[in-house]
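Each remark here refers to the structure printed beneath this line.
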Amino acid sequence: MSYIPVNEPDLSGNEKRYLAECIDTGWISSEGPFVGRLEAGVSAKLGRAYGVAVCNGSVALDIALAALGLGNGDEVIMPAFTIISCAAAVVRCGAVPVLVDCDPTTWNMRVDQVEALITPRTKALMVVHLYGLPVDMEPLLKIAAEHGLRVIEDAAESIGQTYYDKPCGSFGDISTVSFYPNKHVTTGEGGMVFTDDEVLARRCRELRNLCFGQRWRFRHEALGWNFRMSNLQAAVGVAQLERLDATLRRKREIGAVYQEELAGVEGLQLAAPVGPGAENVYWVFGVVLGVEVPFDAELAMKHLHQLGVGSRPFFWPMHRQPVFERMGLFGGVTCPVAERIGERGFYLPSGAALTDAQAKRSAAALREILA
Ligand SMILES: *Cc1c(COP(=O)(O)O)cnc(C)c1O
């Protein structure tokens with residue numbers, strides 16, 4: 001039986017045709033027309049006035065923080081349980097990440113623990129929707145408004161997901177997404193920054209493009225980066241966006257198969273089907289081994305691999321990252337839930353091209369391991 005990869009994207013639409021169009025017309029750089037089309041298309045989908053395409057979802061966060069002028073000891077409250085990109089962007093701009101633990105059911109940040117962490121230096125909240133369920137935005141936005149805090153929203157894993165019918169990616173002063181191949185829309189590598197503020201949007205565009213001078217191109221008033229997206233990448237993204245609704249439907253179908261196949265398996269916590277303001281879109285289908293199970297995620301994944309099933313571990317909490325420990329960050333911080341699910345959580349094959357039969361085989365392999 002063939003190996004089931006943890007993610008296989010579905011590229012069966014217009015991807016090839018639009019790529020050929022780039023080659024045929026010679027438009028392969030960021031100057032080509034697909035970039036603007038992708039920006040307009042995704043912004044419309046997310047209900048945002050402006051979208052700025054960049055070369056990945058990690059640098060989208062760097063741009064967001066720089067555009068908001070964060071740095072120099074500013075404190076940013078963010079989840080302990082997330083991808084390194086979030087904390088890396090905060091640390092790199094000179095700001096200080098302040099960590100909040102995650103909810104044991106949704107795995108998203110504990111909104112009720114945020115307010116206690118606010119100090120006079122707190123400038124922003126970084127919100128990250130994880131694994132297919134949105135963060136409980138209403139109380140968070142209220143806290144942000146009351147304390148005059150900026151909101152940065154990382155919607156990389158929730159393109160097309162909503163919170164009480166409002167799109168994820170529509171809540172931040174600046175919001176970001178990724179178009180990595182395991183995301184709901186892929187460009188191979190890519191990302192986007194969104195805002196409704198014209199000034200912020202202009203700053204994001206400048207930062208993405210080396211802050212070239214207005215009058216004299218090569219005289220720079222500020223330092224930017226080359227974080228541009230190519231027309232080739234955007235061409236794939238435009239084709240992907242045409243099928244977003246079908247992709248989301250498929251993700252939910254895969255999630256339903258796993259829920260059914262793994263229901264009642266002892267020692268296994270499944271992704272929550274419902275969270276605040278949304279049903280799970282199952283960006284990936286996560287599971288967490290119970291503390292009574294005599295092995296952790298690493299060993300479970302090794303066994304799954306031997307049974308021909310790919311999987312990935314959950315994120316490793318920020319306060320336990322060797323790089324941040326060496327930098328002396330997060331001394332004394334504990335986040336028990338993030339620590340537990342970091343060690344005991346992993347996700348099963350969840351790509352848009354996964355078949356029901358593959359999902360069933362993956363679930364059967366996991367049942368076998370736990371039996
Ligand atoms: C994938 C992801 C990113 C990073 O995106 P890249 O395009 O891989 O750089 C950032 N945040 C979250 C929550 C992600 O899942």
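Read the numbers this way: they start at 1 and go in the same order the structure lists the ligands and their atoms. If you read the sequence from its start, that first residue is 1, and numbering goes on from there. We use all heavy atoms of the structure for the numbers below, so side chains are in, but hydrogens, waters and symmetry mates are not. Everything numeric here is computed off the predicted structure, so don't read it as measured data.
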* Sort out for me which residue in Arg228, Arg48, Arg205 forms a salt bridge (Lys or Arg N to Asp or Glu O under 4.0 Å) with Glu39. => Arg205
* To do: Indicate the ring-plane relationship of Tyr131 and Phe315, choosing parallel, tilted or perpendicular according to the 30° and 60° boundaries.
  => parallel
* Structure fact -> The protein residues that pass the under-4.0 Å heavy-atom test against ligand 1 are Asn56, Gly57, Ser58, Ile83, Ser85, Val128, Asp154, Ala156, Glu157, Ser178, Lys183, Gly190
* Asked: In terms of ring plane angle, is the pair Phe324 and Phe330 parallel, tilted or perpendicular, where the classes change at 30° and 60°?
  -> perpendicular
* Under-4.0 Å salt bridge between Glu15 and Arg243 -> yes
* Does CG belonging to Asp24 count more than 12 external heavy atoms closer than 6.0 Å? -> yes
* Give every residue pair that meets the ring-ring contact (aromatic ring centres under 6.0 Å, His included) criterion with at least one member in residues 252-278, sequence neighbours excluded. => Tyr258-Phe285
